[in-house]
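Right, one structure below, let's go through it.
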Amino acid sequence: MSTDAPDDRPTAEQTPEAPEPRPEPAGGASRAGAGVRTGVAKLGWTRREPGSRRFPRITRSIARPEGGGRAAAGDAPAPARQWPMLLVLSLVGLGLILTAFDVTRVGTLLVGVALLVGAGLRWWLPSVGMLAVRSRFTDLVTYTVLGVVIVVLALMQQPDPWLELPFLDRTLHFTVD
């Protein structure tokens, strides 16, 4: 055997270098939004194209609603991450406390206003944390309709209503008579 014969193995100059694996940061997410993809992969869904917001045709679990991300950075304390939900719950809680202390009209008005504030936050903010329950459209319609109905009923509360709708009075008398 001669040492001058060419070897079939590639030399160091011909070998393409493989990229070095990057270390995973603590928490498992290497960049913003990667936690969602990791969670999707853990649920058994097929991988999707990078940057695509479409989910696979067949889902095996519940997808996170649009806007359901944290309202603050992940390293912030829990109340700061969920401030939209805490604001709405605080207003509802204050309204229920007022209702319990026999200030019913103002208390129910505050509950309705809290739902309307929730609808406004869901409309204007890109991420509202746990305030996002379904799609943005469904949440907006639900919060707005319930908020308006509660506010109107609070304004019509007897005795001495702040709002009188004559067609409702005629409808009530027509159905009762």
Side-chain angles (χ1 to χ4, degrees), residues 22 24-100 103-157 161-163 165 167-168 171:
R22 289 189 219 161
E24 283 283 325
S30 59
R31 64 179 186 267
V36 175
R37 287 195 189 99
T38 305
V40 168
K42 285 181 184 176
L43 293 173
W45 292 342
T46 58
R47 299 291 289 181
R48 60 180 193 235
E49 295 177 23
S52 171
R53 292 192 59 160
R54 291 186 181 183
F55 286 100
R57 248 176 232 246
I58 300 171
T59 57
R60 297 189 178 118
S61 184
I62 298 173
R64 171 184 268 178
E66 178 188 344
R70 296 177 175 145
D75 57 347
R81 289 192 309 259
Q82 297 297 333
W83 71 267
M85 183 67 163
L86 289 175
L87 174 67
V88 172
L89 285 177
S90 298
L91 289 173
V92 168
L94 182 62
L96 292 176
I97 288 172
L98 288 173
T99 303
V103 189
T104 55
R105 182 170 298 157
V106 176
T108 51
L109 251 169
L110 197 55
V111 170
V113 167
L115 287 170
L116 293 174
V117 166
L121 289 172
R122 189 71 174 99
W123 175 266
W124 283 301
L125 295 178
S127 294
V128 289
M130 292 190 310
L131 193 60
V133 179
R134 297 162 202 88
S135 69
R136 187 177 303 265
F137 174 78
T138 305
D139 284 344
L140 279 174
V141 168
T142 304
Y143 293 148
T144 304
V145 167
L146 289 175
V148 166
V149 166
I150 291 174
V151 165
V152 167
L153 289 175
L155 293 174
M156 293 174 54
Q157 186 177 355
W162 293 352
L163 175 69
L165 300 176
F167 68 90
L168 287 179
T171 306

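Predicted model only: the values in this text are computed from it and were never measured. For reference, positions follow the sequence shown, starting with 1.
Between Tyr143 and Val88 there is no side-chain heavy-atom pair separated by less than 4.5 Å.
When all heavy atoms of Val128 and Gln82 are compared, the pair lying nearest together is O-OE1, 4.3 Å. Closest non-hydrogen pair, Arg122 versus Arg136, comes out as O-NH1, 2.6 Å. Contact detail for Ala119 and Leu140: the closest heavy-atom pair is O-CD2, 3.1 Å.
Every residue meeting the side chain to side chain contact (heavy atoms under 4.5 Å, CB included) condition with Leu163, not counting sequence neighbours, appears here in chain and number order: Val152, Leu155, Met156, Leu165. Remark: Thr138 pairs with Ser135 by the side chain to side chain donor-acceptor pair (under 3.5 Å) rule, at least two apart or across chains. Applying the side chain to side chain donor-acceptor pair (under 3.5 Å) rule to Thr142 yields no partners; only residues at least two apart in sequence or on another chain are considered.
With rounding to the nearest 0.5 Å, the separation of CG in Leu94 from CG in Leu89 is 12.5 Å. From Trp123, atom CH2 reaches atom CG of Asp139 across 13.0 Å, with rounding to the nearest 0.5 Å.
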Would you be so kind as to tabulate the donor-acceptor pairs closer than 3.5 Å made by side chains of residues 108-118, with sequence neighbours excluded?
from   : atom 1 : to     : atom 2 : distance (Å)
Thr108 : OG1    : Thr104 : O      : 2.9
Thr108 : OG1    : Arg105 : O      : 3.2

